[in-house]
Asker: 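Shown below is the structure under consideration.
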Amino acid sequence: MSSKPDIEGTYVFGIEDNRRGYALNKLCSTFTSAENRQLFLGDEASYCDKFDLSPEQRSAILERDWVKMLDLGGSIFYIFKLAQLDKKSVQYLGGIFTGMSTEEFIAELKAGGRHFG
Amino acid sequence: MSSKPDIEGTYVFGIEDNRRGYALNKLCSTFTSAENRQLFLGDEASYCDKFDLSPEQRSAILERDWVKMLDLGGSIFYIFKLAQLDKKSVQYLGGIFTGMSTEEFIAELKAGGRHFG
Amino acid sequence: MAEIIWGLATSHVPSIGAAMDNAKTHDEYWSPLFEGYQPARDWMAQHTPDVVLVIYNDHANAIDLDLMPTFAIGTASHFPVADEGWGPRPVPPVLGHPELATHIVESLVDDEFDITVANQLQVDHGLTVPLSVYTPEPGDSWPCPVIPVLVNVLQYPQPTAKRCYALGQAIGRAIASYPENIKVAIFGTGGMSHQLSGERAGLINESFDHMFLDKIQTDPEELTRITREEYIREAGSEGIELIMWLVMRGAMNPVITRIAETYHVPASNTAAALALFENSENPS
Amino acid sequence: MAEIIWGLATSHVPSIGAAMDNAKTHDEYWSPLFEGYQPARDWMAQHTPDVVLVIYNDHANAIDLDLMPTFAIGTASHFPVADEGWGPRPVPPVLGHPELATHIVESLVDDEFDITVANQLQVDHGLTVPLSVYTPEPGDSWPCPVIPVLVNVLQYPQPTAKRCYALGQAIGRAIASYPENIKVAIFGTGGMSHQLSGERAGLINESFDHMFLDKIQTDPEELTRITREEYIREAGSEGIELIMWLVMRGAMNPVITRIAETYHVPASNTAAALALFENSENPS
Ligand SMILES: [Fe+3]
Ligand SMILES: [Fe+3]
């Protein structure tokens, strides 16, 4: 019954998504500390155990299934912290989200960006 | 330059008080965990060291100088958590603040409370 | 369409909860207060809502010193009971109503209220004591889901009385536009006159309290013209909690019917009151 | 009486900061953007304020998922630079202006804005990148104190464009009523069109951007009539950050003078723009 707009090809993060994606986003939020980043990289699975992740969220994180993370309530700003740990750029993620290589995605941006509607 | 009203005999906790009393109130806020309550009671002085207290705030806490805590930016709702650790009631504090014994303070309340203005 | 069926104004001092938790309600000290509650409790037990909104303030428990919202609404599916420094109250878990809460937030933000969304929230005595006033013996669960609505009364500048009343009116519109046919009750909590610290600690102002108890029904607009400073001066530094009753009042119809009322001094350091109002039909 | 002397609208993408931090501003990729900044930088260096207000959003750093305010104002005396996941930016500490910030909060709450008070706050690239756009080489300290003004753009419902503009107008009144004779600059940050995730990732809408860049000066009222949905549809899920420019615009006079402007695609995944406006005298 939310008034949140439904826009094709676009995630609009709302209150219900916050609730659904809470554990996933919370986990990523802890990467603002160097100590936590080390802990995660040292043992990803047991780091995940500290959060109340759904099995789907857990495997999306461990398998770096970026689209699934978003589908399961992840917010791009939290998920990006995980990508940074992997030394992946927003352009890398953009390629994943749009089914392109990173190079193709960068080339489209350099050519003026992607146009819709 | 704050518009905070100045009312005799009354603490009005404002933004500047929050800033000034931050460490003191923050310390008291940690008493919402049983573990922290134990730690504090076990060694009050070293618990105090974990917070950026001014020397005056530190001694007000250790000496239970309740009026001074308020004067140094304490909020009654935070300070009361320390009083509870000592098993002191709001009536005990009321007595301190008004220069009465706890019994006298309770008696005034039972007689209809204290009237001003 | 959702509908507000009644509004309850009640003090929320922790010791009222403690009296119930420790079976002291028949003591000489407490029995006048709890006897005063009985007619309202009997009536409410006959008029059960599907969800309640509790307008209250946090007391240095769930809301951090770092970030203090003027108005916040809890959208979670459950709200853990806070440990306020002496262990959590032995009361059932508080369940939320995420769908209605989300609808109210969205409606209020569209209506130009700058709501803070409490996606996760622990609730303290400010919320659980009013639930106990409503339902003294909940057993394993409270009778219905709860939506916490938090108001800053701890740090100056508190919202003005006028803004609180306007928030209530906007909450009323939000509830009226919710598509499900559910019954809602709304609690305005805190007050009456009291002050915990300073040389005026123990302040009670019966004439102000009685004026407020009267006008909250008959002339809430007049109460919105009272300044923050006057609330603090007249009702005490903690008596300013009364502005939260205006949120409840604003959400109700212009004409409401008084079902029950009680006033008692003292409950701990406060004058305690309860006033129960039925939402009368709006002449439209 | 305090006075707003100019307003700067600027994108705040992290990579603009990273380009400066890593001395890449003369690279083929970055030089068009930074060359575009130069005229504005030269003018601002001649017109130095005593304090700046930065309207921005936090990006999952200082604002917790649990409690998300619509509008928050930082009242601290200093704001640590956040570690956003890859260590804090190597920039000077950000000092606040508690007196003016407190005055603004009190004035806004009186004016019926439901401000969250950030008594303590870490600041992320949303605030530090605009400071770097203003002052590329700050040395050991930024040229003046900063007041952070946070807007929720991350979680629907964001404030409406209309409400953001009204907030700006109220900030303008608050600054005008501050008794000290100080000069204030105000930054509206974020935008332009961009979208980071989903199948529309990489979206750029030049015609919307140019329309917005034009009307932010000449017809901001029209921009306030654009719905949240339309901002997201036209400017992308992150392009809705543009509503923060309206806060800046609202704080300025009805007539403002355009001093400099630049527009460039791409800066990372976004269209980046800068527009600098002098606050013209109000015909009174
Ligand atoms: Fe209270
Ligand atoms: Fe941003």
Side-chain angles (χ1 to χ4, degrees), chain A residues 2-18 21-22 25-26 28-34 36-37 66-67 69-70 74-85 87 89-91 93-100 105-106 108-117, chain D residues 13-15 28-29 57-66 68 82-88 122 124 126 153-158 192-209 227-234 236-240 265-271:
Chain A
S2 167
S3 62
K4 199 185 83 170
D6 189 10
I7 298 171
E8 219 189 309
T10 304
Y11 291 93
V12 180
F13 185 79
I15 294 169
E16 197 266 331
D17 304 296
N18 187 316
Y22 186 74
N25 291 319
K26 197 74 182 178
C28 294
S29 81
T30 63
F31 296 151
T32 52
S33 125
N36 290 332
R37 295 195 287 270
W66 304 101
V67 173
M69 286 184 230
L70 295 172
S75 148
I76 185 65
F77 292 102
Y78 287 92
I79 284 175
F80 181 58
K81 294 187 193 304
L82 176 57
Q84 278 275 337
L85 265 192
K87 309 221 182 304
S89 65
V90 271
Q91 286 76 29
L93 292 181
I96 302 270
F97 298 144
T98 56
M100 288 184 230
F105 187 78
I106 291 175
E108 288 224 16
L109 274 162
K110 282 196 184 172
R114 303 178 65 232
H115 304 286
F116 301 91
Chain D
V13 237
S15 55
E28 188 193 342
Y29 183 92
N57 67 289
D58 178 77
H59 303 77
N61 294 305
I63 300 296
D64 202 73
L65 286 160
D66 296 13
M68 302 188 77
D83 178 345
E84 308 188 29
W86 44 94
Q122 299 200 359
D124 76 3
V153 296
L154 256 60
Q155 179 177 284
Y156 183 90
Q158 293 86 354
M192 302 218 78
S193 57
H194 66 306
Q195 177 159 326
L196 300 177
S197 63
E199 290 147 34
R200 293 203 311 164
L203 169 151
I204 299 292
N205 186 341
E206 292 208 21
S207 63
F208 185 87
D209 288 344
T227 64
R228 269 186 296 253
E229 177 165 353
E230 214 175 327
Y231 274 107
I232 297 172
R233 205 177 280 285
E234 296 293 327
S237 46
E238 281 71 47
I240 193 174
V265 175
S268 183
N269 288 22
T270 184

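These values consider heavy atoms only, across backbone and side chains, with no hydrogens, waters or symmetry-generated copies. By convention in this document, chain letters (A, B, ...) are assigned in the order of the sequence lines, proteins followed by strands, and residues within each chain are numbered from 1.
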Asker: Between chain A and each of D/Asn269, D/Val265, D/Asp66, D/Leu196, count heavy-atom pairs under 4.5 Å; write down the option with the most.
Answerer: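 Highest number of pairs under 4.5 Å: D/Asn269.
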Asker: Would the distance check show the side chain of D/Thr270 and the main-chain N or O of D/Ala267 forming a donor-acceptor pair, the cut-off being under 3.5 Å?
Answerer: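 Here the side-chain-to-backbone pair does not exist.
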Asker: Indicate whether any N or O donor in one side chain lies under 3.5 Å from an N or O acceptor in the other, for A/Tyr11 and A/Ser75.
Answerer: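 Result is no, nothing qualifies.
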Asker: For chain A, which of D/Ala271, D/Ala60, D/Gly236, D/Pro266 has the most heavy-atom pairs under 4.5 Å?
Answerer: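 Winner by heavy-atom pair count: D/Ala60.
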Asker: Quick check on A/Glu16 against chain D: is it the side chain, the backbone, both or neither that has a heavy atom closer than 4.5 Å?
Answerer: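 Contact with chain D: none, neither part.
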Asker: Is it the backbone or the side chain of A/Ile76 that comes under 4.5 Å from a heavy atom of chain D, or both, or neither?
Answerer: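 Just its side chain gets close to chain D.
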Asker: If you count heavy-atom pairs under 4.5 Å between each of A/Ile96, A/Thr10, A/Thr30, A/Leu82 and chain D, which one has the most?
Answerer: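 Most heavy-atom pairs within the cutoff with chain D belong to A/Thr10.
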Asker: Under 4.5 Å heavy-atom distance to chain D, tell me which part of A/Gln91 shows up: side chain, backbone, both or neither.
Answerer: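 It is both, since atoms from each part get that close.
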Asker: Check side-chain hydrogen bond (donor to acceptor under 3.5 Å, both in side chains) between A/Tyr78 and all other residues, then give those that pass, not counting sequence neighbours.
Answerer: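 A/Tyr78: no side-chain hydrogen bond (donor to acceptor under 3.5 Å, both in side chains) contacts found.
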Asker: Less than 3.5 Å apart, any donor N or O on the side chain of D/Ser193 or D/Asp209 sitting next to an acceptor on the other?
Answerer: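 There is such a pair between these side chains.
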Asker: Which atom names give the shortest non-hydrogen contact between A/Phe97 and D/Ser197, and what distance separates them?
Answerer: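 Heavy-atom minimum between the residues: CD1-CA, 3.5 Å.
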Asker: Checking D/Trp86 against A/Phe80 for the ring-ring contact (aromatic ring centres under 6.0 Å, His included) test, could you report, in this order, the C-alpha distance in whole Å, the side-chain angles of both residues, the deciding distance, and whether it holds?
Answerer: CA-CA 11 Å; D/Trp86 44 94; A/Phe80 181 58; 5.8 Å; yes
Asker: Select one option (side chain, backbone, both, neither) describing which atoms of A/Leu70 are under 4.5 Å from chain D's heavy atoms.
Answerer: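 Just the side chain, heavy atoms under 4.5 Å.
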Asker: Which bit of A/Phe116 is near chain D, if near means a heavy-atom gap under 4.5 Å: side chain, backbone, both or neither?
Answerer: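 Contact with chain D: side chain only.
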Asker: Select, from A/Asp17, A/Asn18, A/Val12, A/Thr98, the one with the greatest count of heavy-atom pairs under 4.5 Å involving chain D.
Answerer: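 Top option by heavy-atom pairs under 4.5 Å: A/Asn18.
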Asker: Nearest 0.5 angstrom please: A/Ile7 CD1 to D/Arg200 CZ, how far?
Answerer: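 The CD1 atom of A/Ile7 sits 6.0 Å away from the CZ atom of D/Arg200.
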Asker: Donor-acceptor check, side chain of D/Asp124 to backbone of D/His59, threshold 3.5 angstrom: yes or no?
Answerer: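 Side chain of D/Asp124 to backbone of D/His59: a pair is present.
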Asker: Of all residues at least two apart in sequence or in a different chain, which pass the side-chain contact (heavy atoms from CB on, under 4.5 Å) check with D/Glu230?
Answerer: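 D/Glu230 satisfies side-chain contact (heavy atoms from CB on, under 4.5 Å) with D/Ile226, D/Thr227, D/Glu234 only.
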Asker: Does D/Glu199 CD have over 12 foreign heavy atoms under 6.0 Å away?
Answerer: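 Atom CD in D/Glu199 is not packed in, count stays at 12 or less.
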Asker: Under a 4.5 Å heavy-atom cut-off, does chain D meet the side chain of A/Asn36, its backbone, both or neither?
Answerer: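 When you check distances to chain D, no heavy atom of A/Asn36 falls under 4.5 Å.
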Asker: Side chain from CB out, backbone as N, CA, C, O: work out which of these in A/Phe105 comes under 4.5 Å of a heavy atom of chain D, or both, or neither.
Answerer: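 Side chain of A/Phe105 only, per the 4.5 Å heavy-atom cut-off to chain D.
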Asker: Go through D/Gln158, D/Glu238, D/Gln195 and name the one with the most non-hydrogen pairs under 4.5 angstrom from chain A.
Answerer: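 Between D/Gln158, D/Glu238, D/Gln195, the count favours D/Gln195.
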Asker: Tell me, side chain or backbone of A/Val90 under 4.5 Å from chain D's heavy atoms, or both, or neither?
Answerer: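 For A/Val90, backbone and side chain are both near chain D.
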Asker: Just give me the residue among D/Leu154, D/Asn205, D/Ile232, D/Asn61 that pairs up with chain A most often, heavy atom to heavy atom, under 4.5 Å.
Answerer: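 That would be D/Leu154.
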Asker: Let's test your reading of the structure: which of A/Lys110, A/His115, A/Arg37, A/Glu108 forms the most heavy-atom pairs below 4.5 Å with chain D?
Answerer: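 Top option by heavy-atom pairs under 4.5 Å: A/Arg37.
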